[in-house]
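Take a look at the structure set out below.
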Amino acid sequence: MESILNYINGKLQAPVGQTYFDNINPSTGKAYCFIPDSDERDVELAVSAAQAAFPAWSSMPAARRSAILVKISELITRDLEKLAIAESRDNGKPLWLSKSVDIPRAASNFYFYATGILHQSTEAHAMEGMAINYTLRQPIGVAGCISPWNLPLYLFSWKIAPALASGNCVVAKPSEITPYTAYMLSALCIEAGLPAGVLNIVHGTGPKVGGPITAHPGIPVISFTGGTQTGAAISKVAAPMFKKMSLELGGKNPNIIFADCDFDAAVKTTIHSSFSNQGEICLCGSRIFVERPLYEKFKLAFVEKVKALKVGDPFHEETRIGAIVSKPHLEKIEYYINLAQEEGGTVLCGGERVYPEGELASGYYLTPTVIEGLPSNCRTNMEEIFGPVVTIMPFDTEEEVLAFANSTKYGLAATVWTQNLTRAHRVAANLHSGIVWINCWLLRDLRTPFGGVKQSGVGREGGFEALEFFTEEKNVCISLK
Ligand code: NAD
């Protein structure tokens with residue numbers, strides 16, 4: 001089998017320890033390549049390379065940095081097909097989704113930040129007759145970027161692109177569950193002429209690679225996307241070292257459907273917001289609240305459509321639900337489906353494993369699951385499941401549904417369906433959430449702030465906010481006397 005290599009100091013290389021572990025294709029349950037089991041020695045090499053590359057990269061004119069990053073974007077687009085196939089093989093997501101969302105978005109991430117730095121400016125503050133202050137925005141140094149498995153190249157590039165564009169060098173770690181497209185990106189960076197050491201990608205596990213990145217004194221800024229518990233573990237190490245941190249964490253997002261909604265649009269989009277990418281998107285709405293007069297009608301129409309979703313081979317055009325990313329994750333989802341029933345819930349549809357024909361029979365497939373009859377404060381409705389499982393509940397008043405929606409420890413995204421404009425604004429303002437979609441879901445403008453409140457995270461990605469995160473402001477005051 002092929003072995004993935006680390007990308008350190010401009011070269012593809014084996015881990016110092018020469019050890020590897022299996023990379024499993026979730027659609028077959030079989031290993032198909034080896035992942036470097038890197039450790040702190042590889043991280044050390046990556047940090048040294050990044051530190052050595054920093055003076056030249058950070059002082060390069062923005063237009064030249066921009067041109068290299070635009071080139072990376074163009075190469076991702078050139079290789080869209082190959083990258084999409086690799087992403088679906090690694091993650092289990094339908095190929096049409098990798099082709100239409102994941103890989104195009106990775107190209108856009110590079111393009112957006114490559115061109116964004118051409119339009120940045122900083123402030124000046126005049127003190128009449130006395131002095132003038134101006135603000136410099138300077139790159140910080142070596143940034144540590146750690147990303148999850150659900151949108152592998154999409155989220156990896158969402159961090160790396162602004163970090164590099166703003167003049168930092170990077171030591172990055174993709175998820176060990178889905179490392180392949182990050183490996184392919186290394187080759188594209190070499191082809192694009194990215195100087196050696198500017199971006200370093202170290203493959204391996206959270207404890208052996210993510211831990212040393214977090215703890216390294218030569219990495220003053222950490223951008224992390226992943227689970228809330230991991231975010232807490234990272235903070236515990238990084239906060240006493242006064243590292244700058246951006247944490248994008250878990251969610252348990254409400255999807256609130258008022259009786260006056262555009263019914264067909266609400267049903268159709270709720271299918272997407274519940275089950276896109278097997279429900280493995282931090283923005284998926286996993287708790288559906290429907291105003292009581294519409295409850296039965298919505299439930300029947302929704303469940304009928306869910307039952308029709310085709311589960312199976314990610315490489316089939318008609319597949320709507322591919323494979324769950326890993327066996328442990330499949331078992332975690334099944335644990336929650338059982339818990340929901342112990343807590344008094346009724347499974348309206350789904351919750352069953354699927355065994356397709358041939359070599360896919362040992363893959364990780366689960367039918368999309370809708371559960372009703374649970375109180376809003378039970379564990380099933382409080383804890384993140386991160387799979388193709390939603391609960392559905394009726395509500396009577398706006399006040400009541402806001403209390404339900406805001407009752408979890410998370411606050412990432414919320415969706416509201418209503419034709420009443422005043423109510424839409426009022427509910428949006430009162431939701432404890434970093435992102436609110438009204439009559440839509442996952443409409444993303446890369447200029448907007450992205451992130452959560454409460455235990456869904458700290459800080460915002462997106463737009464100029466990310467470029468600001470990866471730079472330090474310095475005020476320079478000049479006396480006019
Ligand atoms: P995870 O926290 O298990 O892993 C994320 C990354 O952190 C991986 O690369 C992993 O190897 C690394 N890691 C693990 N332990 C570490 C440690 N001790 N120190 C440093 N790094 C460590 O998350 P996951 O299972 O890969 O992803 C799913 C989670 O990510 C869900 O909770 C989901 O909601 C969240 N997520 C959030 C967003 C967002 O934007 N808020 C987006 C996508 C996913």
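In this chain, residues are counted from 1 in sequence order. Both ligands and their constituent atoms are indexed starting at 1 by order of listing.
- For atom 18 (N) of ligand 1, no protein non-hydrogen atom is found at a distance below 4.0 Å.
- Where the criterion is an N or O separation shorter than 3.5 Å, residue side chain and backbone included, Ser456 fails it with respect to ligand 1.
- Arg105 forms a cation-pi arrangement with Trp158, by the criterion of a distance under 6.0 Å to the ring centre and an angle within 45° of the ring axis.
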Q. Please walk me through it: do Tyr410 and Glu384 pass side-chain hydrogen bond (donor to acceptor under 3.5 Å, both in side chains)?
A. CA-CA 9 Å; Tyr410 297 110; Glu384 186 183 43; 4.6 Å; no
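- Contact annotation for Ile177 and ligand 1: no heavy atom of the residue comes within less than 4.0 Å of the ligand.
- Using a 4.5 Å heavy-atom threshold, the side chains of Leu309 and Val311 count as separate.
- Taking a cutoff of 4.0 Å between a charged side-chain nitrogen and a carboxylate oxygen, Arg460 and Glu248 do not qualify as a salt bridge.
- One option in Cys282, Pro179, Gly206 has a heavy atom closer to atom 39 (C) of ligand 1 than any other, and that option is Cys282.
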**Q.** Chi angles and distances behind the side-chain hydrogen bond (donor to acceptor under 3.5 Å, both in side chains) call for Glu87, Thr181
**A.** CA-CA 6 Å; Glu87 202 72 295; Thr181 48; 3.0 Å; yes
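- Protein heavy atom at the shortest distance from atom 12 (C) of ligand 1 is Ile146 CG2, 3.7 Å.
- At under 3.5 Å, a nitrogen or oxygen of Thr230, whether backbone or side chain, sits near a nitrogen or oxygen of ligand 1.
- Here is the list of ligand 1 atoms found below 4.0 Å of a heavy atom in Trp149: 24 (P), 25 (O), 26 (O), 27 (O).
- In terms of protein heavy-atom proximity, atom 28 (C) of ligand 1 is closest to Phe386 CE2, 3.6 Å.
- Distance from atom 35 (C) of ligand 1 to its nearest protein heavy atom, with residue and atom name: Gly226 O, 3.2 Å.
- Heavy atoms of Glu461 found under 4.0 angstrom from ligand 1: none, in either backbone or side chain.
- For atom 10 (C) of ligand 1, the choice among Glu248, Glu176, Lys208 with the nearest heavy atom turns out to be Glu176.
- Counting atoms of ligand 1 from 1 in the listed order, those under 4.0 Å from a heavy atom of Gly227 are 1 (P), 2 (O), 23 (O), 29 (C), 30 (O), 32 (O).
- Counting the atoms of ligand 1 from 1 in the order shown, those under 4.0 Å from a heavy atom of Ser175 are 9 (O).
- Cation-pi geometry between Arg320 and Phe275 is not satisfied (NZ or CZ under 6.0 Å from the ring centre, within 45° of the ring normal).
- Residue contacts with ligand 1, taken as heavy atom pairs separated by less than 4.0 Å, involve Thr225 via backbone and side-chain atoms alike.
- Nearest heavy atoms, Asn168 versus Gly141: OD1-N, 3.1 Å.
- The proximity of Leu155 to ligand 1, defined as any non-hydrogen pair under 4.0 Å, is limited to the side chain.
- Side-chain contact check for Arg137 versus Glu468: some heavy-atom pair is nearer than 4.5 Å.
- Close contacts between ligand 1 and Asn150 involve ligand atoms 43 (C), 44 (C) [criterion: under 4.0 Å to a heavy atom].
- Of the listed residues (Asn277, Thr319, Asn150, Thr178), just one forms a side chain to side chain donor-acceptor pair (under 3.5 Å) with Lys93, and that residue is Asn277.
- In this structure, atom 7 (O) of ligand 1 is in close contact with the protein, since a protein heavy atom lies within 4.0 Å of it.
- Around the OH atom of Tyr20, the shell of radius 6.0 Å holds more than 12 heavy atoms that belong to other residues, nucleotides or ligands.
- With a 4.0 Å cut-off on non-hydrogen atoms, Leu412 touches ligand 1 through its side chain and not its backbone.
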**Q.** Trace of the side-chain hydrogen bond (donor to acceptor under 3.5 Å, both in side chains) decision for Tyr32 with Asp90
**A.** CA-CA 9 Å; Tyr32 76 96; Asp90 232 8; 2.6 Å; yes
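- Using a 4.5 Å cut-off on side-chain heavy atoms (C-beta onward), Glu334 and Tyr336 make no contact.
- Geometrically, Lys332 does not engage Phe386 in a cation-pi contact defined by less than 6.0 Å to the ring centre and at most 45° from the axis.
- Polar contact check, Leu249 against ligand 1: a nitrogen or oxygen pair lies under 3.5 Å apart.
- Near Phe450, meaning under 4.0 Å from one of its heavy atoms, ligand 1 places the atoms 40 (O).
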Q: Before giving the answer on side-chain hydrogen bond (donor to acceptor under 3.5 Å, both in side chains), spell out for Asn253 and Thr415 the whole-Å C-alpha distance, their side-chain angles and the decisive distance to 0.1 Å.
A: CA-CA 8 Å; Asn253 307 313; Thr415 307; over 6 Å; no
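- Nearest protein heavy-atom contact of atom 21 (N) of ligand 1 is Gly210 CA, 3.5 Å.
- Taking every non-hydrogen atom of Thr214 and a distance limit under 4.0 Å, the qualifying atoms of ligand 1 come out as 20 (C).
- With respect to atom 32 (O) of ligand 1, the closest heavy atom belonging to the protein is Glu384 OE1, 2.6 Å.
- A salt bridge does not link Arg379 to Glu343: none of the charged nitrogens lies less than 4.0 Å from a carboxylate oxygen.
- Between Gly204 and ligand 1, no N or O atom pair is found at a separation short of 3.5 Å.
- Checking Gly250, Ser147, Cys284, Pro148 against atom 9 (O) of ligand 1, the nearest heavy atom belongs to Ser147.
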